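Notes follow the structure.
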Amino acid sequence: MTEIGTTVLGYPRIGPDRELKRSLERYWAGKIDEAELLGTGRALRTRAWRDLKDAGLDSVPSNTFSHYDQVLDTAELFGVLPERFTTLGLSPLDTYFAAARGVQDAPAMEMTKWFDTNYHYIVPELGPETSFSLSGTKPLDEYREARAIGVETRPVLVGPVTFLLLAKASETALEGFRPLDLLDNLLDGYVELLRRLHDEGVEWVQFDEPAFAADRDERELNALIRAYHRLAKETARPKILVAGYFGGLGRGLGVLARSPIDAIAVDLVTDESFVDAVAAEPALRDKEVLAGVVDGRNVWRTDPARALGRAATLLGIAKSVSVSTSCSLLHVPYDVEREDGLHPRLKGWLAFAKQKVDEVVLLGRALKEDGVDLSAARAAAADRATAADLADAGVRARLEALRPEDTVRSPYAERAAAQQAALGLPPLPSTTIGSFPQTTGVRKARAAHKAGSLDDAGYEAAMKAEIERVIRLQEELGLDVLVHGEPERNDMVQYFAERLAGFAATDFGWVQSYGSRCVRPPILYGDVSRPAPMTVEWARYAQSLTGKPVKGMLTGPVTILAWSFVRDDQPLGETARQVALAIRDEVHDLQEAGIRVIQVDEPALRELLPLRAVAHEAYFAWAVSSFRLATSGIDDATQIHTHMCYSEFGEVVKAIDALDADVTSIEAARSKMEVVTDLGAAGFGRGVGPGVYDIHSPRVPDVDEVSGLLRTAVGAVPAERIWVNPDCGLKTRGYAEVEPALRNLVAAARAVRAELS
């Protein structure tokens with residue numbers, strides 16, 4: 001039986017220069033045809049497979065490419081896209097995109113975070129009537145495609161249990177139904193797929209089951225047992241690898257070790273204690289174990305001594321041990337060698353996807369051979385570990401001097417009265433989340449300024465002209481609280497990271513967030529401080545243009561950490577406190593500039609929640625205190641907003657309450673106001689803005705749709721605490737969609753407001 005050997009669990013797919021993003025958006029805009037889009041994908045896959053083979057991996061993954069999302073791919077593969085899309089008469093590709101993005105008469109499927117990452121997946125909608133059948137051929141097609149260029153691959157599939165655990169019950173499902181009830185029917189489809197892969201000559205197939213890095217009950221563990229006994233007992237099948245990542249597998253490890261599968265991939269980076277659990281599992285003696293010792297989620301070079309120590313612990317325990325990444329490399333950029341703008345010393349500490357593949361190959365050799373040269377890797381790890389200049393004595397002294405009262409504001413009732421007196425807002429006040437569409441002119445001006453062909457004065461004039469245009473538009477639309485539109489910002493985290501000490505920004509470090517949306521997470525490598533105000537002058541200028549309140553727009557400490565590649569040499573909570581101090585300074589300066597509404601976004605509050613409940617209390621303690629540190633010490637009349645999007649919020653309602661923000665806006669349109677019910681049931685007692693316009697879809701909701709969502713919200717939370725806003729910022733949309741959608745939003749707010757009087 002052939003081993004898998006050194007491998008990676010997945011690879012980036014958007015393209016080193018975001019080739020897929022550009023093709024997708026051109027296709028959606030009608031500028032290219034399906035053949036050209038598919039050709040872009042084929043070229044990216046070919047390049048990835050060849051690069052991985054040439055790097056020296058023993059096994060190359062396939063079916064890790066997606067035109068949008070791997071969970072949506074799985075729903076399409078087994079024929080369970082919702083009927084509202086399959087009856088539109090569209091091509092298969094356009095039906096797929098309609099499910100992801102929505103069309104005017106069919107709202108998109110829900111989207112939420114992939115475990116504790118910033119990647120978003122499309123949530124399957126399943127009901128008792130759902131019937132799975134193998135109706136697609138994507139894993140087979142990509143295997144054949146790779147084989148045709150001389151690369152033998154290992155198809156990667158979302159595991160059946162994880163797929164069902166990530167799904168939601170359809171609106172028509174009866175109470176008590178759980179998607180996991182459909183496991184046996186889904187397994188029929190997977191069995192058929194295994195047979196077809198076997199007939200094609202596939203030797204290994206990988207099933208991803210990251211759901212078992214989280215707490216799971218007996219029923220869910222029994223489902224895992226049933227699934228892999230059923231799949232592995234088939235004689236006409238490839239050998240089966242099950243990959244569990246984003247943490248230790250808990251009792252799932254024993255379940256998989258005792259099942260008749262052939263190999264297990266374990267994450268030995270996220271939870272160090274899991275190394276001992278794997279080493280103590282006797283049932284692994286007939287399995288190949290892939291030791292995930294190269295971090296697939298962060299960008300620091302691997303310490304070879306630590307990695308090999310963890311992998312070597314498993315030697316003699318398992319049938320064989322090979323080196324792999326801890327998870328897919330989807331979560332890191334392509335190639336650090338392209339980053340000429342990084343300081344050479346910092347660059348020497350970093351490894352992006354290409355370098356991580358090289359690390360896997362090198363460590364795989366070192367695990368099995370003597371005399372492998374690890375000197376360069378050892379030197380990089382030692383240099384970083386001894387870099388004394390990463391510490392800032394002033395920042396650490398400020399943190400030591402903090403008192404408990406520095407994170408406390410006056411009672412909410414007192415603040416609310418002072419804010420209403422200062423702002424004079426109507427019931428159901430309307431606003432937006434922050435950004436407005438970034439036009440071609442704005443992007444060109446920012447690019448020209450960065451390139452040096454537009455001087456500071458010209459750039460400032462261009463940005464101020466755009467701010468004035470956005471302010472006038474909002475006044476004409478009738479919004480109650482305005483924003484400056486953020487034309488000067490490239491990304492809500494990167495913008496701040498470029499202005500804070502302790503961060504470095506990349507030029508090509510793109511990572512997929514969802515669909516065609518990519519971000520460049522900054523690298524947080526040292527102690528954090530704010531050398532100068534970051535947003536004050538733009539906010540001051542916007543406020544000077546109007547008598548209506550303009551929100552100051554900031555990103556919160558938890559989100560800055562979640563959407564950056566963060567130093568791993570000190571506790572995350574300590575780093576969060578440093579960022580919070582910098583944001584606190586900005587909040588105070590905004591207030592001094594006359595800004596009376598300040599929004600500190602924390603969309604990643606749920607995202608960073610540890611997957612196991614035992615770690616929740618400690619996480620909430622530092623996450624909540626860092627937000628409160630950032631937003632305290634200001635006048636009662638200054639209103640603090642926060643914003644969260646695309647997460648399951650039920651688990652963090654108490655933490656949201658503990659943030660003590662005056663107004664919390666939350667994604668709610670795709671989930672049909674589910675979060676409002678959670679907030680109402682929890683007795684949430686502050687302002688809340690449940691999103692009524694899904695900005696990740698090109699469709700424009702009409703007045704009746706928005707009014708209906710508002711009435712649902714008002715039925716769960718007292719109307720005097722409801723705000724009216726979109727789900728998220730408008731940066732990724734166009735004005736042709738945004739203007740009519742916001743007109744409908746304002747009209748709906750006025751209609752429901754009238755019903756209340």
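Computed from a predicted structure; not experimentally measured.
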Hey, are [Y] and [X] close enough side-chain-wise for a donor-acceptor pair under 3.5 Å?
X    : Y    : answer
Y119 : D69  : yes
D94  : Y27  : yes
Y96  : S66  : yes
E359 : Q355 : no
E76  : Y68  : no

For R306, I'd like to know if atom CZ has over 12 heavy atoms of other residues, nucleotides or ligands within 6.0 Å.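 Atom CZ in R306 is not crowded, with 12 or fewer foreign heavy atoms closer than 6.0 Å.
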D491/R517 ion pair, N-O < 4.0 Å: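 Salt bridge between D491 and R517, a charged N being under 4.0 Å from a carboxylate O: yes.
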With a 4.0 Å cut-off on N to O distance, would you call E145 and R42 a salt bridge?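 No.
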Which of these passes side-chain hydrogen bond (donor to acceptor under 3.5 Å, both in side chains) with N63: R45, Q70, K138?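 It is K138, the one option of R45, Q70, K138 that forms the side-chain hydrogen bond (donor to acceptor under 3.5 Å, both in side chains) with N63.
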cation_pi(R297, F246) dist<6.0 Å, angle<=45: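 Geometry flag: set, cation within 6.0 Å and 45°.
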My understanding is that only one of R237, K239, K287 makes a salt bridge (Lys or Arg N to Asp or Glu O under 4.0 Å) with D262; could you say which?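 Testing each of R237, K239, K287 against D262, the sole residue satisfying salt bridge (Lys or Arg N to Asp or Glu O under 4.0 Å) is R237.
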Is the distance between the ring centroids of F78 and F163 under 6.0 Å?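 Aromatic pair excluded; centres sit 6.0 Å or further apart.
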